[in-house]
Amino acid sequence: MKLPESFYIGTNVVYQAKSLIGKYLFTSIDNAITGGYIVETEAYNGVIDKASHAYGNRLTPRTQTMFMQGGIAYVYLCYGIHEMFNVVTSVKGQPHAILIRAIQPTDGIEIMLFRRNMQTLKSNITQGPGSVAKALGISRAINAISLQSDTLWIEDRGLSFEDQDIAAVPRVGVDYAGEDALLPYRFYVKGNPYVSKPNK
DNA sequence: TCGTCGATCTACT
DNA sequence: GTAGATCGACGAG
């Protein structure tokens, strides 16, 4: 059921980001399983991508996770408040990552509501990368954990979308990246209510 | 050592 | 529509 190690070791991060659409992401944290299927991703293409933390082979305590072999999680803090969850891909030394920006929740919705401090299910529960991490209980404590573990993993349940139902557009919040900000490295399911900023 | 600012979200006006 | 939250990474000095 879990996506095999071989999927993550592939070197075409843009293709992998698109492939993750429709895959199921689960966490088992605090004795509760939560998750859903991925409806929005962004690819970060290693040392040549100005939008990536690892641009220009920048190796720091934070980014070293991205330089490890694919198939692990990269979790970091943004704006001092939000933790973001990425899937590290490719071979050791090549810092590719895929940001999970939104999922459609299917399991453990009660738990996710509690973590998000919400009473009723609304589309913003897992809409945007900070929200996804919070709803799933993901924090920097599980940075670099294996996606073959029983804490955090991705499954293929046979759900897939046609090319025409997946939009490929420029990434969000990376204006500082110059011409790389224009690359169509963001993928999402057209019309899905959990997608953040559907029209850009 | 210090100052700047970010792969964002929420609560307000 | 817009401001505030809140902290670690990074480059300048």
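Letters A, B, ... mirror the listed sequences (proteins, then strands); counts begin at 1. Quick caveat: nothing in here was measured; it's all calculated off a predicted structure.
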A.B. asks: Which residues in residues 78-96 of chain A have at least one heavy atom lying under 4.0 Å from any atom of DNA chain C?
C.D. replies: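 Under 4.0 Å from DNA chain C: A:Y79, A:G80, A:I81.
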A.B. asks: Please, which pairs that meet salt bridge (charged side-chain N to carboxylate O under 4.0 Å, His left out) have at least one residue in residues 19-30 of chain A, sequence neighbours excluded?
C.D. replies: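 Listed once each, the pairs would be none.
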A.B. asks: Treat each ILVMFWY residue as a node, draw an edge where side-chain heavy atoms are under 4.5 Å apart, and state whether A:M66 and A:L20 are in one component.
C.D. replies: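 Cluster IDs for A:M66 and A:L20 differ.
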A.B. asks: Side-chain contact, heavy-atom cut-off 4.5 Å: A:T106 with A:Y24?
C.D. replies: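 Side chain of A:T106 against side chain of A:Y24, heavy atoms only: contact under 4.5 Å found.
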A.B. asks: May I ask you to list the residues of residues 47-68 of chain A, by number, that have any heavy atom positioned under 4.0 Å from an atom of DNA chain C?
C.D. replies: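 Close to the strand are A:R58, A:T60, A:R62.
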A.B. asks: Suppose clustering is done on Ile, Leu, Val, Met, Phe, Trp and Tyr with side-chain heavy atoms closer than 4.5 Å. Which residues sit in the same group as A:V172?
C.D. replies: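 Noted: A:V172 shares its cluster with no other residue.
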A.B. asks: Below 4.5 Å, heavy atoms only, C-beta onward: do A:I111 and A:I33 meet side chain to side chain?
C.D. replies: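 Heavy-atom side-chain distance check fails, nothing below 4.5 Å.
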A.B. asks: Taking 5' to 3' order, which nucleotide of DNA chain B is first and which is last to have an atom within less than 4.0 Å of a heavy atom in chain A?
C.D. replies: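 Contacts span B:dG6 to B:dT10, reading 5' to 3'.
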A.B. asks: Please tell me if the side chains of A:K2 and A:D150 come closer than 4.5 Å, counting only heavy atoms from C-beta onward.
C.D. replies: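 In contact.
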A.B. asks: Given side chains that start at C-beta, do those of A:T34 and A:D107 come closer than 4.5 Å, heavy atoms only?
C.D. replies: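 No. Closest side-chain heavy atoms not under 4.5 Å.
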A.B. asks: Could you write out DNA chain B as a dot-bracket string, with dots for unpaired bases, | for bases paired across to another strand, and Watson-Crick or G-U pairs counted at under 3.5 Å?
C.D. replies: ||||||.|||||.
A.B. asks: Give the table of side-chain donor-acceptor pairs shorter than 3.5 Å for residues 74-83 of chain A, with sequence neighbours excluded, one pair per line with atom names and distance.
C.D. replies:
residue : atom : partner : partner atom : Å
A:Y74   : OH   : A:H53   : ND1          : 2.9
A:E83   : OE1  : A:R140  : N            : 3.2
A:E83   : OE1  : A:R140  : NE           : 3.0

A.B. asks: Please report, to 0.1 Å, the donor-acceptor pairs under 3.5 Å made by any side chain of residues 10-18 of chain A, with sequence neighbours excluded.
C.D. replies:
residue : atom : partner : partner atom : Å
A:N12   : OD1  : A:V14   : N            : 3.4
A:N12   : OD1  : A:Y15   : N            : 3.0
A:Q16   : OE1  : A:T89   : OG1          : 3.4
A:Q16   : NE2  : A:F7    : O            : 2.8
A:Q16   : NE2  : A:G10   : O            : 3.0
A:K18   : NZ   : A:D163  : OD1          : 3.1

A.B. asks: Around A:K122, counting heavy atoms of other residues, nucleotides and ligands shown, do more than 12 lie under 6.0 Å from its NZ?
C.D. replies: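 Result for NZ/A:K122: open.
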A.B. asks: Strictly below 4.0 Å, heavy-atom distances to any atom of DNA chain B: list the hits from residues 12-24 of chain A, or just say none.
C.D. replies: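 Within residues 12-24 of chain A, no residue comes under 4.0 Å of DNA chain B.
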A.B. asks: If you measure from the Lys or Arg side-chain nitrogens to the Asp or Glu carboxylate oxygens, is any gap between A:E42 and A:R171 under 4.0 Å?
C.D. replies: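 Answer for the salt bridge query: no.
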A.B. asks: Which pairs, with at least one residue in residues 53-70 of chain A and sequence neighbours excluded, count as a salt bridge (charged side-chain N to carboxylate O under 4.0 Å, His left out)?
C.D. replies: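 Qualifying pairs: none.
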A.B. asks: List in numerical order all residues of residues 97-134 of chain A for which some heavy atom is under 4.0 Å away from an atom belonging to DNA chain C.
C.D. replies: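 Contacts with DNA chain C under 4.0 Å: none.
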A.B. asks: Transitive ILVMFWY cluster of A:V91 at side-chain heavy atoms under 4.5 Å: who else is in it?
C.D. replies: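 The other cluster members (ILVMFWY side chains, heavy atoms under 4.5 Å, direct or chained) are A:I9.
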A.B. asks: Between A:M118 and A:I125, is any pair of side-chain heavy atoms under 4.5 Å apart?
C.D. replies: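 A side-chain contact under 4.5 Å exists here.
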A.B. asks: Between the side chain of A:R186 and the main-chain N/O of A:E40, is any donor-acceptor distance below 3.5 Å?
C.D. replies: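 No, because the side chain of A:R186 does not come within donor-acceptor range (under 3.5 Å) of the backbone of A:E40.
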A.B. asks: A:Y194 versus A:I38: any side-chain heavy-atom pair under 4.5 Å?
C.D. replies: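 When only atoms from C-beta onward are counted, A:I38 and A:Y194 do not touch, as no gap falls below 4.5 Å.
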A.B. asks: Enter the distance from A:I138:CD1 to A:T151:OG1 here, rounded to the nearest 0.5 Å.
C.D. replies: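 OG1 of A:T151 is found 11.0 Å from CD1 of A:I138.
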